[in-house]
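Model, not experiment: these values are computed from the prediction.
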Amino acid sequence: MTQPQITVGILSGKEIEFSFPVKFSSSVGTEISGTQKVIYQDGKIHWQGKEYDELSFIPPQNAHAFFELKDVTIGINFHWERKEVQKFKGELKIIIEGEQLTAINVISIEEYLTSVISSEMSATASLELLKAHAVISRSWLLEKNKELRMKNEEFKRTLQKDSAANSSFFIPNSSFIKWYDHEAHRNFDVCADDHCQRYQGITRASTPQAIEAVSATRGEVLMYKGAICDARFSKCCGGAFEEFQNCWENIKHPYLIRQRDSKTEKQLPDLTIEAEADKWIRTSPVAFCNTQDKKILSQVLNNYDQETADFYRWKVSYSQQELSELIHQRSGIDFGQIIDLIPVERGTSGRLVRLKIVGTLRTLIIGKELEIRRTLSTSHLYSSAFVVDKEYEEKGHKEDKIPSRFILTGAGWGHGVGLCQIGAAVMGEQGYKYEEILSHYYPGSTLEKQYQ
């Protein structure tokens with residue numbers, strides 16, 4: 001197997017502006033440099049007074065050649081969302097998707113990974129952490145692309161009833177259960193934001209350590225019984241690993257299992273039991289990711305992530321009006337005033353898989369974890385591992401009253417499946433090698449080189 005090239009969807013819009021500091025070759029046979037603009041109109045790409053179905057711009061044989069894209073949105077739907085100019089190596093493709101244009105970067109997987117490591121976490125992180133992340137990012141990408149190609153072919157033939165392409169079911173007045181995966185991209189391999197893996201080209205400088213981490217692990221992937229692992233990762237597990245089937249399809253992966261994020265404290269309460277989850281979330285148990293060390297956090301968190309201070313344990317408070325309006329806006333369903341948020345099912349990390357929303361007009365069970373997080377926040381709630389306290393303005397029997405305020409006390413940031421980035425950063429600082437970090441977060445997996 002030779003090193004693969006991958007396609008990364010960077011941004012979409014009716015108009016896309018980009019520039020070439022040096023001459024690139026266009027797919028229509030011209031050499032081009034400077035600022036350019038393409039416009040979608042009447043089903044075509046309009047560029048330099050002509051119409052096209054697709055355009056490509058190939059860089060010169062120059063290791064330092066790059067192009068710039070304007071108004072790239074980072075942190076889509078997160079609290080730190082913003083636009084910026086970004087720089088990319090490799091080829092630029094412009095395609096038509098629906099009634100807009102999409103800019104795609106064609107890049108070698110190893111160059112892509114150097115950027116992902118720098119984008120997902122600070123390139124100043126420890127070498128062992130960066131190596132571990134290079135392996136899981138490469139594994140995730142190769143496994144996902146193989147899976148996507150198979151699913152896309154299947155999708156073209158028939159949309160399976162339980163397909164993860166848009167996996168949800170809605171039983172009126174009962175449940176709305178949905179999970180989100182990466183099958184939405186049909187014209188490129190991955191997108192550039194956190195929906196897939198955060199990729200920002202060469203916008204942020206890659207340190208020699210990030211380059212060394214990718215080079216030292218070149219071609220290495222995580223394997224389990226002859227197959228590449230689905231190497232998921234999140235910012236902070238909150239002290240316990242979540243299992244795959246509680247966040248996505250109902251498939252159990254033996255290397256993504258219930259475990260405590262610690263080598264010293266092995267025992268983990270059964271957090272699927274409400275009383276145990278309540279106690280776990282309200283306390284601060286020993287775990288690798290239970291740290292306030294700014295030096296370690298800065299390895300994992302870029303400046304825009306550091307705008308959030310609480311990762312291991314956090315609190316969010318909503319007034320009755322704020323919560324009822326938020327749920328209405330995010331779900332499209334008018335529940336009236338919110339009477340209660342009741343845990344129905346929890347996963348192995350205490351994350352809610354199903355939550356019952358009780359309103360004066362409507363009651364509905366929602367899930368899985370990301371649907372819960374999207375419903376209870378203007379962007380994404382840090383995680384679905386939370387417990388709920390209610391406050392009442394008037395004295396009297398609580399069952400006769402409408403709560404005036406809801407306080408969510410939570411644990412972790414993200415889905416908690418696979419590698420915990422903050423925990424892995426702590427392990428790296430404590431002297432663990434990348435092989436040990438990977439075996440901790442993906443028990444039973446092995447390392448294998450896929451290409452030279």
Do the ring planes of [X] and [Y] sit parallel (below 30°), tilted (30 to 60°) or perpendicular (above 60°)?
X    : Y    : result
W47  : Y52  : tilted
Y382 : W413 : perpendicular
F20  : F18  : perpendicular

Under a plain distance cut-off of 3.5 Å, with no hydrogens placed, do [Y] and [X] share a side-chain donor-acceptor pair?
X    : Y    : value
T409 : K315 : yes
E243 : T348 : no
E91  : Q5   : no
H133 : Q421 : yes
Q267 : E265 : no
Y441 : D261 : yes
Y40  : E97  : no
K83  : T73  : yes

Derivation of the side-chain contact (heavy atoms from CB on, under 4.5 Å) call for I45 and E51: CA-CA 5 Å; I45 302 167; E51 295 182 351; over 6 Å; no
Heavy-atom neighbours of K449 NZ exceed 12 at 6.0 Å: yes
All side-chain hydrogen bond (donor to acceptor under 3.5 Å, both in side chains) counterparts of S126, not counting sequence neighbours: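 Expected list: none.
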